[in-house]
Visitor: 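Attaching a single structure in structure tokens format; questions to follow.
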Amino acid sequence: MKLIWIRHGETHWNREFRLQGTSDVALSSKGLHQAEQLAASFTGELEAIYTSPLGRTRSFAAPLAARLGLEPVVLAGLREMSFGDWEGLRYADMDAPMKELFEKWCADPVQTCPPGGEAAADMAGRIQEAVKEMSASLEAGQAAAVFTHGGVIRVAVTTLMGFPPVTAARLQIDPGSVTVTENVAGHWRLVRLNDTCHLLPDEDCKR
């Protein structure tokens, strides 16, 4: 079985380099176009489409869901990490103590928690439960698309591959990108990571 992890496209806050977290920020015009590009590039069959509760993921899933005639299933466990007091801020907006804490979090989000935000262990736990729920709906050879957030995909890959938890901070997951994990004989493997070729205007990138 396959889980096809898809990060939502560009939002207005992505463009402004603001931390989004659980804030419900809409896709930009570019992000809406990226959703159409993703839907047009997709080939193959899906058993299900899952999304985070946040509007930017549901909007990004909509074109593919409409094309395939699938009703997206919303899973609370797929929401982005809460950044607490940092949400809506740019690095440039932070004072010196906040910048220092933010830099520690970037280096090791397992040992550092955003003030008023979600602990990495709690986030990992709910993502593991979401993976169990999605996997239970699939049989051998089937696939589901999972529209979610960069932080969720980093943690999911790290957890499924058995990497040290701090590895999540070292993975690049771009807006609109596709990452694929596949379960073979009870073991997960990473098939594709941060694939954005479907967003390139001159590429014929079918999947």
Side-chain angles (χ1 to χ4, degrees), residues 1-18 20-81 127 130-131 133-135 137-138 141-157 160 168 171-183 188-207:
M1 69 182 71
K2 288 183 181 178
L3 293 178
I4 303 169
W5 303 86
I6 302 167
R7 185 185 175 189
H8 63 79
E10 183 194 80
T11 69
H12 300 289
W13 279 14
N14 286 146
R15 184 179 296 172
E16 296 170 0
F17 303 103
R18 296 184 185 277
Q20 294 180 118
T22 56
S23 298
D24 213 353
V25 185
L27 295 175
S28 65
S29 58
K30 180 178 178 179
L32 292 170
H33 178 60
Q34 289 171 332
E36 297 291 345
Q37 289 178 296
L38 183 281
S41 77
F42 201 96
T43 60
E45 296 183 0
L46 289 177
E47 179 70 16
I49 293 177
Y50 295 95
T51 76
S52 150
L54 296 177
R56 57 187 182 269
T57 55
R58 291 185 285 110
S59 295
F60 202 70
L64 181 60
R67 179 186 158 192
L68 299 181
L70 291 173
E71 182 67 29
V73 177
V74 177
L75 290 183
L78 297 175
R79 70 186 181 278
E80 182 60 290
M81 167 183 266
I127 293 171
V131 168
E133 182 172 348
M134 293 185 292
S135 298
S137 72
L138 301 176
Q142 293 183 331
V146 186
F147 287 82
T148 184
H149 308 270
V152 172
I153 298 171
R154 292 182 187 96
V155 172
V157 168
L160 293 177
L171 299 179
Q172 179 70 23
I173 304 294
D174 292 316
S177 66
V178 173
T179 294
V180 180
T181 55
E182 182 176 21
N183 191 294
W188 287 98
R189 63 184 183 183
L190 183 61
V191 178
R192 184 177 298 143
L193 179 68
N194 196 37
D195 183 355
T196 57
C197 66
H198 52 284
L199 305 179
L200 300 176
D202 297 326
E203 293 285 337
D204 182 18
C205 182
K206 301 296 184 182
R207 64 185 82 261

Visitor: Step through the shown structure and confirm whether more than 12 heavy atoms of other residues, nucleotides or ligands are within 6.0 Å of CD on E45.
Guide: no
Visitor: Would Y50 and E133 count as a side chain to side chain contact (heavy atoms under 4.5 Å, CB included) here? Give the steps.
Guide: CA-CA 11 Å; Y50 295 95; E133 182 172 348; 5.6 Å; no
Visitor: Hey, could you give me the NE2/NE2 distance between H8 and H149, rounded to the nearest 0.5 Å?
Guide: 5.5 Å
Visitor: Tell me the closest heavy-atom pair linking I6 and A145, and the distance in Å.
Guide: CD1-CB, 4.1 Å
Visitor: I need the minimum non-hydrogen distance between I173 and S177, along with the two atoms involved.
Guide: CG2-OG, 3.6 Å
Visitor: When rounded to the nearest 0.5 angstrom, what distance separates OG1 in T181 from CZ in R192?
Guide: 11.5 Å
Visitor: Answer yes or no: is there a donor N or O on one side and an acceptor on the other, between the side chain of D174 and the main chain of N194, under 3.5 Å?
Guide: no
Visitor: Could you state the interatomic distance from NE2 (H33) to CG (L27), rounded to the nearest 0.5 Å?
Guide: 13.0 Å
Visitor: Which heavy atom of S41 sits nearest to which heavy atom of H198, and what is that distance?
Guide: OG-CB, 3.4 Å
Visitor: Just verifying a value: how many Å separate E36 CD and L64 CG, rounded to the nearest 0.5 Å?
Guide: 10.5 Å
Visitor: Heavy atoms, side chains only, cut-off 4.5 Å: are N183 and L3 in contact?
Guide: no
Visitor: Any donor and acceptor pair, going by atom type alone, linking the side chain of R79 with main-chain N or O of P53 inside 3.5 Å?
Guide: no
Visitor: Could I get the full list of side-chain hydrogen bond (donor to acceptor under 3.5 Å, both in side chains) partners for Q142, not counting sequence neighbours?
Guide: E47
Visitor: What distance do T148 atom OG1 and L75 atom CG have between them, rounded to the nearest 0.5 Å?
Guide: 9.5 Å
Visitor: Which heavy-atom pair separates P175 from N14 by the least distance, and what is that distance?
Guide: CG-OD1, 4.4 Å
Visitor: With a 4.5 Å heavy-atom cut-off, do W13 and S23 have their side chains touching?
Guide: yes
Visitor: Out of curiosity, D24 CG to L54 CG, how far, rounded to the nearest 0.5 Å?
Guide: 5.0 Å
Visitor: I need the single residue from L193, L78, V178 that forms a side chain to side chain contact (heavy atoms under 4.5 Å, CB included) with W5. Which is it?
Guide: L78
Visitor: Is there a donor-acceptor pair under 3.5 Å between the side chain of R56 and the backbone N or O of G31?
Guide: no
Visitor: Can you pull out every salt bridge (Lys or Arg N to Asp or Glu O under 4.0 Å) where at least one residue sits in residues 4-17? Sequence neighbours excluded, please.
Guide: E10-R15, E16-R18
Visitor: Let me see the working for L46 and I4 under side chain to side chain contact (heavy atoms under 4.5 Å, CB included), right down to the final yes or no.
Guide: CA-CA 10 Å; L46 289 177; I4 303 169; 3.9 Å; yes
Visitor: Can you give me the closest heavy-atom contact between A35 and F60, atom names plus distance?
Guide: N-CE1, 3.2 Å
Visitor: Is there a donor-acceptor pair closer than 3.5 Å between any side-chain N or O of T57 and the backbone N or O of T51?
Guide: no
Visitor: Taking all non-hydrogen atoms of both residues into account, name the closest pair between M1 and L138 and its distance.
Guide: CE-O, 3.7 Å
